[in-house]
Amino acid sequence: MDNTTSPLYIYNSLSGKKEAFKPLNPPFVGLYTCGPTVYSDVHLGNVRTFLTFDVVFRYLSYLGYKVRYVRNITDVGHLLGDAAEGEDRIEKRAKLEKLEPMEIVQKYTNGFHDTIAAFNLIPPSIEPTATGHIVEQIEMVQRILDNGYAYIVNGSVYFDVKKYAEQHKYGELSGRKIEEQLEQTRENLEGGDEKRFFADFAIWKKASPETIMKWNSPWGEGVPGWHLECSVMSTKYLGKEFDIHGGGMDLKFPHHECEIAQSVGADGVNPVKYWMHGNMLTVNGTKMSKSLDNSFLPHELISGSHPLLDKGYSAMTTRFFFLQANYRSTVDFSNEALLAAEKGYKRLMAAIKTLDNIRASDSSSVDVNKLIGDCRNSMNDDFNTPVTIAHLFDGVKMINSVADGKNTLNQPDLDRLRTHYQDFVFDILGLKDEDDAGESNVTLLDDVMHIVLDLRNQSKQNKDWATADFIRDELKKLHISIKDSKESSTWEYED
RNA sequence: GGUUCCGUGGCCGAGCGGCUAGGCAGUGGUCUGCAAAACCAUCUACAGCGGUUCGAAUCCGCUCGGAACCUCCA
């Protein structure tokens, strides 16, 4: 790597500033992201968050770090509300679909995997489940109890936020002050709540007799609290203190705040060095969320069956669309924006194909190293993918002008440029050329098209325009478009 | 109500004190048997009002509008 490149900076939600990234144990990096609760289909807002951290994972790997990426599956313990009668989301869904809770878990875990694979996300290094770590969760509850930061009521264990806040900074991540909140939520304290203090949260919840998924514990049969599993699984696989924790903005409070409190309460260690939060996907300016019933499911987007869409957009178009915005900004869904992204994405892919066919010259009239440096610098600036894409389009212009004979590239620069596009477009941004995707007979088609184009060029040389146009028009009906240049003709499949 | 964030050209979306962001759409050329693509050139901006500064989309204040969180959410 050249030394003109800046170091990596990450926007840390904890400090509200971009900070130079310094791993705790280089070259190793621990990255944890809150995964889905598998009680229903993931929607595109969920996909966006996982995509954000997919790019983080990819880029850190590109920089040479040995990244252990942990993303959990919440398959128990995510209760609807924190009240005594709180019901597990998965059990509720199981009743609705008349299935075993673990059938629900399997069904939606499979769906989740299929979906993120379609968007070309790399699977994490470890994908632990909450049900697989009940023992560790019980142990952590015990440590918190032993340290005096929790209390037992009727077989449930609650985290004692008031006591914790006397000795530690509760609210440091979300910028919340307990005293301020107390006044607003006084009415919430009414009723037969088991909690001593409104901000307390369950770390172990007593299970009702009819609950199917429950485990024995020192406090009786129950389930672990939702916040607990992430504390347990992140530190189990990444250490009591690890580098990066990611998740959606909406998890910042209370979920992530509680994670910090639990780790500090149990082990006295602030677990995370860099907190990263991805912003929300919105529809008509409002957050996409399951409870608001404004979700786009991936298949509704791809098929175009969603009522707000004019047509379908591919997974890669969507990926590109998301990456054209900063992960810390909201993104709003609209036909026009998606259509623009689709065209831009295709133009980028077309240029990469062009790059394959460029012939080297003796010298270069364009600055390839600057382009490479620009891309690295923008990614180093808190994974700024929109600016990186802008630089890649500068490169598109460069590639096309070389192909057009207006500029030149020597062999070393050409090789560098090809490597650069491979690295940034495919490996880091994680895009792929959908024309080729999943086609086993692509090379055959390519060879056949080569013959067809040869025939057509012969017709053109003989000024047999009728034949030339016939070939082009008939191919057009098969969604294959021909592009003529001075030297040769190329083809492209359009859906 | 509290906390935080945002308002950029026809649309999307960067920038965060002086230097063309970029994509899509539009306009005018070049190329071409025609078409498409490509190339070159080019038009639309920083919500409003004040302030700081030699200089502000960028910093500060106010006003208007929108969003997220405040124990369901990626």
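Numbers restart at 1 for each chain; the letters A, B, ... are given by sequence-line order, proteins then strands. Because only heavy atoms are used, hydrogens play no part in the values below, and waters and symmetry mates are left out as well, while side chains stay in.
In this structure G17(B) sits in no base pair that meets the Watson-Crick or G-U test at under 3.5 Å. For G1(B), the paired nucleotide is C70(B), the pair qualifying as Watson-Crick or G-U wobble because both relevant distances are below 3.5 Å. With a cut-off of 3.5 Å on both pairing distances, the Watson-Crick or G-U wobble partner of U30(B) is A38(B). Pair assignment for C62(B) gives G48(B), based on Watson-Crick or G-U wobble hydrogen-bonding distances that are each under 3.5 Å. For G22(B), the paired base is C12(B) (Watson-Crick or G-U wobble, both distances below 3.5 Å).
Aromatic pair Phe159(A)/Tyr164(A): centroids less than 6.0 angstrom apart. Residues Phe50(A) and Phe119(A) keep their aromatic ring centres 6.0 Å or farther apart. A distance of 6.0 Å or more separates the ring centres of Tyr39(A) and Tyr108(A).
Listed nucleotides G33(B), C39(B), G22(B) differ in distance to Arg456(A); the shortest reach to its side chain belongs to G33(B). Minimum atom distance to the side chain of Arg176(A) is reached by C70(B), of the listed C70(B), C39(B), G33(B). Of the candidate nucleotides A74(B), G33(B), A14(B), A14(B) has the atom lying nearest to any side-chain atom of Ser329(A).
Per the stacking criterion (ring centres < 5.5 Å, plane angle < 30°), Phe50(A) does not stack onto the base of A74(B).
Using atom C1' as the reference point in both A67(B) and C59(B), the two lie 24 Å apart (nearest Å). Comparing the same atom, C1', in U27(B) and in C43(B) gives a spacing of 7 Å after rounding to whole Å.
Under 4.0 angstrom from either OP1 or OP2 of C69(B) there lies at least one side-chain N or O belonging to Lys287(A). The shortest distance between the side-chain N/O atoms of Lys343(A) and the OP1/OP2 oxygens of A25(B) is below 4.0 Å. Residue Asn384(A) has a polar side-chain atom (N or O) positioned under 4.0 Å from OP1 or OP2 of G15(B). Contact check, Arg347(A) against A37(B): no side-chain N or O comes under 4.0 Å of OP1 or OP2. For C39(B), the OP1/OP2 oxygens have a side-chain nitrogen or oxygen of Asn400(A) closer than 4.0 Å.
Applying the 3.5 Å distance criterion, the base of C6(B) shares no donor-acceptor pair with the side chain of Arg328(A). Below the 3.5 angstrom threshold, one finds no donor paired with an acceptor across the side chain of Asp484(A) and the base of A36(B). The base of G13(B) lies outside donor-acceptor range of the side chain of Asn326(A), with no N or O pair under 3.5 Å.
Remark: Lys343(A) is not positioned above the aromatic ring of Tyr345(A), lacking an NZ or CZ atom under 6.0 angstrom from the ring centre and at most 45 degrees off the axis.
Summary of the strand contacts: Ala325(A) and Phe393(A) both lie near RNA chain B, and taking for each the nucleotide with the nearest heavy atom, the more 5' one is attributed to Ala325(A).
In this structure, a donor-acceptor pair under 3.5 Å is present between the side chains of Asn72(A) and Glu229(A).
Looking at heavy-atom distances under 4.0 Å, Thr286(A) makes contact with sugar-phosphate atoms alone, never a base.
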